[in-house]
Amino acid sequence: MSQKRRTFMGQILTGGIGLGIGYFVGAKKEKSYPKDSKKNTVSPYKEGLAISTWYHGIAANNAAWGVISSGGNAIDAAEQGARITEADVTGKSVGIGGTPDREGKVTLDACIMDKNGNAGSVSFLQGIKHPVSVARKVMDETPHVMLVGKGALQFAKEKGFEEEDLLTAETRADYKKWLDTSKYDPIINIENHDTIGLITMDKNGDFSGACTTSGLGYKMHGRVGDSPVIGAGLFVDNAVGAATATGLGEAVLKTCGTFLVVELMRQGMTPNDACKEAVNRIADKQNYENFQIGYIAVNKAGDVGAYSIHPGFDYALHKNGKNEMHKVDSLVK
Ligand code: ASP
């Protein structure tokens with residue numbers, strides 16, 4: 001570098017000339033998002049809320065609300081809410097009673113994320129009814145984020161989780177019937193998939209989230225979807241907001257779906273517009289005729305939004321004393 005240029009650079013870095021000062025001050029002003037997350041975690045919204053995907057979200061929200069309304073924190077609320085859906089044997093897309101893969105095995109994916117950006121996740125976990133709680137232990141008690149398969153099971157057992165048969169009489173019978181054709185055919189919105197993604201905000205205005213699923217029914221053995229992947233099935237940034245996803249996990253994975261939604265909110269988009277843009281990114285590149293994606297999101301002000309590819313997606317929102325289902329606008333009308 002020449003002496004002249006070195007001096008010029010030095011002047012810019014120390015703000016020693018007008019041009020230098022103008023450039024740096026101008027650039028700073030343009031940033032509308034919080035640069036230092038730790039300094040921007042105070043929310044104007046202090047009422048607390050729980051929002052989750054699909055109808056099973058009503059019961060999950062109730063459990064989460066039980067924690068929040070008694071002064072508990074968002075992470076406990078997210079875990080407790082997700083556990084309700086995992087334990088529901090009638091739900092064929094989450095936890096016990098979840099639809100198996102094409103080998104007849106129920107393999108579960110789940111993750112959890114807190115206000116500090118800590119995260120835990122398990123995937124391809126078999127024989128454990130509450131993968132979300134194993135994910136919580138991965139977050140709280142290991143230096144890792146994600147454990148899979150046998151290692152996840154070993155860890156769960158070491159932590160005292162009991163191994164049990166997750167097939168029910170009904171899912172076993174369904175599987176037998178499925179073997180007649182062995183046709184893999186994801187149906188939009190219904191039955192062979194429907195994850196619960198749950199976002200909670202406590203009365204300090206802090207966020208957490210959880211996402212748990214048995215994944216696509218009759219998927220390939222070993223297949224992992226978006227739900228246990230941080231930034232795909234779930235993302236929380238306490239300075240900005242949180243988002244979670246449901247639908248064909250492959251499409252969400254390829255677009256880092258929920259990370260994208262949160263980043264778009266960081267740039268100033270409403271939760272609704274951010275979900276819409278994230279859906280559009282999928283639609284731009286992929287043939288979306290035969291699969292569904294649904295996003296839900298919340299920002300720091302407590303505003304919620306959602307968007308899906310096809311009609312039929314809905315979410316449960318516990319806010320202002322009501323726990324109700326909301327229909328979602330979609331790209332395809
Ligand atoms: N996203 C889940 C998966 O791909 C399924 C779903 O949400 O319906 O495993």
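Along the sequence shown, residues carry numbers from 1. Whatever order the structure lists them in is the order used to number ligands and atoms, beginning at 1.
Ring geometry for H326 versus Y315: interplanar angle under 30°, hence parallel rather than tilted (30 to 60°). Note: Y218 and W178 have parallel aromatic rings, judged against thresholds of 30 and 60 degrees for the angle between ring planes.
For the pair K129/L166, a side-chain contact is recorded, criterion being any heavy-atom separation below 4.5 Å from C-beta on.
In the vicinity of T195, heavy-atom distances shorter than 4.0 Å reach the ligand 1 atoms 1 (N), 2 (C), 5 (C), 6 (C), 7 (O), 8 (O). The ligand atoms of ligand 1 that sit less than 4.0 angstrom from a heavy atom of D226 are 1 (N), 2 (C), 3 (C), 4 (O). Shown in contact with T246 at under 4.0 Å from a heavy atom are these atoms of ligand 1, numbered in order with element: 6 (C), 7 (O), 8 (O). Numbered from 1 in the order shown, with element, the atoms of ligand 1 that lie under 4.0 Å from a heavy atom of G215 read 9 (O).
Residue L248 has no nitrogen or oxygen atom sitting less than 3.5 Å from a nitrogen or oxygen atom of ligand 1, judged on distance alone. Considering backbone and side-chain N/O atoms, G249 comes within less than 3.5 Å of an N/O atom of ligand 1.
Side-chain contact, E158 with Q154: a donor N or O sits under 3.5 Å from an acceptor N or O.
By the criterion of a heavy-atom distance under 4.0 Å, the side chain of S227, and not its backbone, is placed next to ligand 1.
Applying side chain to side chain donor-acceptor pair (under 3.5 Å) to D101 and the options Q126, R223, K219, H221 leaves one that passes, H221.
No continuous path of hydrophobic side-chain contacts links F235 to I112 [ILVMFWY only; heavy atoms under 4.5 Å].
Under a 4.0 angstrom heavy-atom cut-off, R223 registers as being in contact with ligand 1.
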